[in-house]
Amino acid sequence: MPYPSASGTWGCTIYMLAVAQAARRRGHEVVFHACPPSSSLLTDNAFPVRGFGGATGTGTVGAIGDIYDVFTTLGMDDPGYWRHLLDLEHDVIADVRPDAILTDMRPTALISARRHGVPSVAMASVGTDPRTQARPYGHPLDDLARDSARVHAGLSVDSFTELLFWSADRKIASSFERFEPELADVPALRYIGYLDGTNRRGLDGLPPRPQRLVLAYLSTVGWNTQTMVRSLARSAALAGVEIWCVTNANGRIQDVDPRLRLFDYLPLDELLPECRGLLFHGGQGSALASLFHGVPAIACPGQNFERRYNADRIQALGCGIHAGVLDLRPRALSAMIARIVDDPGFSAAATTAQRELRALPGADGAVDHIESLGAARHARA
C-alpha cells in the first residue's frame with residue numbers, strides 16, 4: 001500500500017517495488033493497492049494493481065516544515081478521503097486476504113491492517129518518526145488520526161506521525177545507521193540499506209561519457225529556467241567539468257552548451273558510477289544513491305525539512321556539501337563542484353559510506369523482515 005497521492009510521487013513506490021521484486025523471486029505473490037501515476041510503474045513491472053483515485057491537493061508548495069505540511073499540501077487532511085480510502089482498503093484486504101501488509105506514507109494502512117488482524121510493515125524514515133515530527137500543540141491531522149484509528153480499529157494513537165510509522169509491527173529503514181542514527185533504537189526496525197536497480201532503463205543511446213562528468217538531478221524542482229541553465233553552463237566551464245542535467249526537457253536531449261546537456265531522464269544507478277559528482281535537490285533516494293555508488297554530492301534542498309536533513313547528513317558524513325539557493329550562482333557553484341570532484345577527502349568519505357551501505361542486505365533483507373512476521377503469526381496460531 002504505497003503513498004495514495006495523485007501528484008506523481010514515486011520515491012516511496014520505487015523502494016516498495018524493489019521489495020516486491022525480491023519477494024516475487026522467492027515465490028511470494030504481491031498485489032499492490034495503488035493510484036495513478038505510480039500504478040503505471042508497477043504494472044510496467046508486471047505486478048497486479050488494484051487501482052483507485054489518489055488524493056489531489058492544492059498543488060501549492062511553499063516551505064515544507066514537517067510531515068504535516070506534506071500531507072496538507074497533498075490534500076490528505078480531508079476526513080472524507082480518509083473514510084473513502086478506509087472503505088477501499090477494507091474491500092481489497094477482504095478480497096486478497098494478505099499474510100502481511102507493507103506500507104509507506106499511507107496514513108490509513110495501519111488502521112486497515114489492525115482492523116483485519118493482518119501484520120504490518122512500515123517503511124521508516126526520520127521524516128515520519130513521531131519523536132522528531134509530532135507537533136507539540138497538536139494539529140487537525142492528529143485529531144483525524146486519533147478518531148479514525150479508534151473508530152475503525154480500536155487502536156489508540158496520540159498523533160498522526162505515530163499512526164504513519166510507530167504503530168506498525170515491523171519497520172524497515174532503507175538507509176544505514178550513520179545516515180539516520182535517530183532510528184537506531186526503534187523497536188522492530190531493521191536497516192536494509194539503499195535499494196538499487198528498481199527502475200533501470202539502460203545506458204543505450206546515451207552519448208559517450210566524458211572523463212569529468214557531473215550529474216545534475218533536478219527533475220522534481222523548478223530549476224529548468226534560463227537563469228539556472230546559464231548558471232550550470234558557466235559553472236561547468238569554470239570548474240572544468242561537463243554537466244548532464246535532468247530537467248523537464250520535453251523528452252529530448254538538448255545540447256545547450258559544449259559543457260552542458262539537458263535530458264528528460266537519466267538512469268541514476270547506472271550512470272552514477274561513471275560520474276565524478278552529483279548536484280541534486282536533497283531527496284533521500286538521490287542522497288543514498290550517491291553514497292551507494294561512492295560519488296560526492298552537492299545537495300541544495302531549499303525549504304523542505306526532509307531534504308534539509310538529508311543535505312545535513314551528506315555534509316556531516318564528509319561526503320558532500322549542503323548548498324543554499326544563493327550558491328547556485330556560477331562563481332559559488334563552480335567552486336563547490338571543483339571541490340567535490342578534486343578533493344580526495346570527499347571521495348574517501350564517500351567510499352567509506354559506500355562500504356557501509358553495500359554491507360547491508362537490501363531488498364532481500366526487507367523480505368526476511370516481512371517473512372519473520374508471518375513466521376511469528378503462524379507460531380502463535
Side-chain angles (χ1 to χ4, degrees), residues 1-24 26 28-57 70-71 74-124 128 144-145 148-149 151-153 155 160 163-165 167-172 174 195 198-199 363 366-367 369-371 373-374 377:
M1 292 186 172
Y3 213 12
S5 169
S7 69
T9 48
W10 278 17
C12 304
T13 310
I14 287 175
Y15 280 174
M16 298 183 84
L17 174 59
V19 176
Q21 289 169 334
R24 183 165 60 183
R26 295 192 190 184
H28 297 298
E29 181 182 1
V30 182
V31 177
F32 279 90
H33 190 230
C35 63
S38 58
S39 56
S40 63
L41 172 68
L42 303 169
T43 54
D44 286 348
N45 282 271
F47 283 100
V49 176
R50 306 294 180 94
F52 63 92
T56 55
V70 173
F71 275 81
L74 294 173
M76 282 301 299
D77 57 344
D78 177 9
Y81 186 75
W82 277 51
R83 290 192 294 271
H84 174 64
L85 196 53
L86 284 164
D87 287 344
L88 293 174
E89 290 169 358
H90 172 75
D91 291 343
V92 76
I93 292 172
D95 185 32
V96 174
R97 300 175 64 189
D99 294 301
I101 292 174
L102 176 64
T103 176
D104 195 349
M105 300 286 280
R106 180 79 164 259
T108 51
L110 297 181
I111 297 175
S112 294
R114 181 66 64 91
R115 185 181 184 184
H116 286 267
V118 181
S120 58
V121 184
M123 303 292 282
T128 56
L144 183 54
S148 299
V151 169
H152 292 281
L155 179 63
F160 171 65
L163 180 61
L164 264 183
F165 166 62
S167 301
D169 298 299
R170 298 279 192 276
K171 295 93 177 176
I172 293 171
S174 53
L195 299 179
T198 55
N199 192 28
V367 178
H369 208 42
I370 297 169
E371 287 178 342
L373 261 181
R377 187 185 189 193

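This chain uses plain numbering: 1 for the first residue, then up along the sequence. When reading the values below, keep in mind they use all heavy atoms of this one structure, side chains included, and skip hydrogens, waters and symmetry mates.
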Nearest 0.5 angstrom please: [X] [atom1] to [Y] [atom2], how far?
X    : Y    : atom1 : atom2 : answer
L74  : M105 : CG    : CE    : 8.0 Å
L110 : S167 : CG    : OG    : 6.0 Å
I101 : I370 : CD1   : CD1   : 11.5 Å
L163 : I111 : CG    : CD1   : 4.5 Å

Residues in salt bridge (charged side-chain N to carboxylate O under 4.0 Å, His left out) contact with R97, at least two apart in sequence or another chain: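 If we apply the salt bridge (charged side-chain N to carboxylate O under 4.0 Å, His left out) test to R97, skipping adjacent residues, there are no hits.
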Residues in salt bridge (charged side-chain N to carboxylate O under 4.0 Å, His left out) contact with R83, at least two apart in sequence or another chain: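 With sequence neighbours excluded, R83 shows a salt bridge (charged side-chain N to carboxylate O under 4.0 Å, His left out) to no residue whatsoever.
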Identify the heavy atoms of [X] and [Y] that sit nearest to each other, and give their distance.
X    : Y    : result
F165 : A122 : O-CB, 4.2 Å
V367 : V19  : CG2-O, 3.7 Å
S120 : A113 : CB-CB, 3.9 Å
R26  : E371 : NH1-OE1, 2.8 Å
M123 : L102 : SD-CD1, 4.0 Å

Could you list the residues that satisfy side-chain hydrogen bond (donor to acceptor under 3.5 Å, both in side chains) with [X], not counting sequence neighbours?
X    : result
S174 : none
D44  : none
R24  : none
T108 : E89

side-chain contact (heavy atoms from CB on, under 4.5 Å) between N45 and F32, intermediate numbers included: CA-CA 12 Å; N45 282 271; F32 279 90; over 6 Å; no
For [X], side-chain contact (heavy atoms from CB on, under 4.5 Å) partners two or more places apart:
X    : answer
H84  : Y81, L88
V151 : none
R115 : L86, H90, H152, A153
P48  : V31

Residues which pass ring pair (Phe, Tyr, Trp, His ring centres under 6.0 Å) with Y15, listed by chain and number, not counting sequence neighbours: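 With neighbours one apart ignored, the set is empty.
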Heavy-atom check, side chain of [X] versus side chain of [Y], under 4.5 Å:
X    : Y   : answer
L195 : Q21 : no
S5   : M76 : no
D99  : H28 : no

NZ/NE/NH1/NH2 to OD/OE distance under 4.0 Å, D95 and R50: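 A salt bridge is present here (some side-chain N lies under 4.0 Å from a carboxylate O).
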Plane angle bin for F71 and F160 - parallel if under 30°, tilted between 30 and 60°, otherwise perpendicular: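 It falls in the perpendicular class, over 60°.
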Audit row: F52, V92, side-chain contact (heavy atoms from CB on, under 4.5 Å) steps and yes/no: CA-CA 11 Å; F52 63 92; V92 76; over 6 Å; no
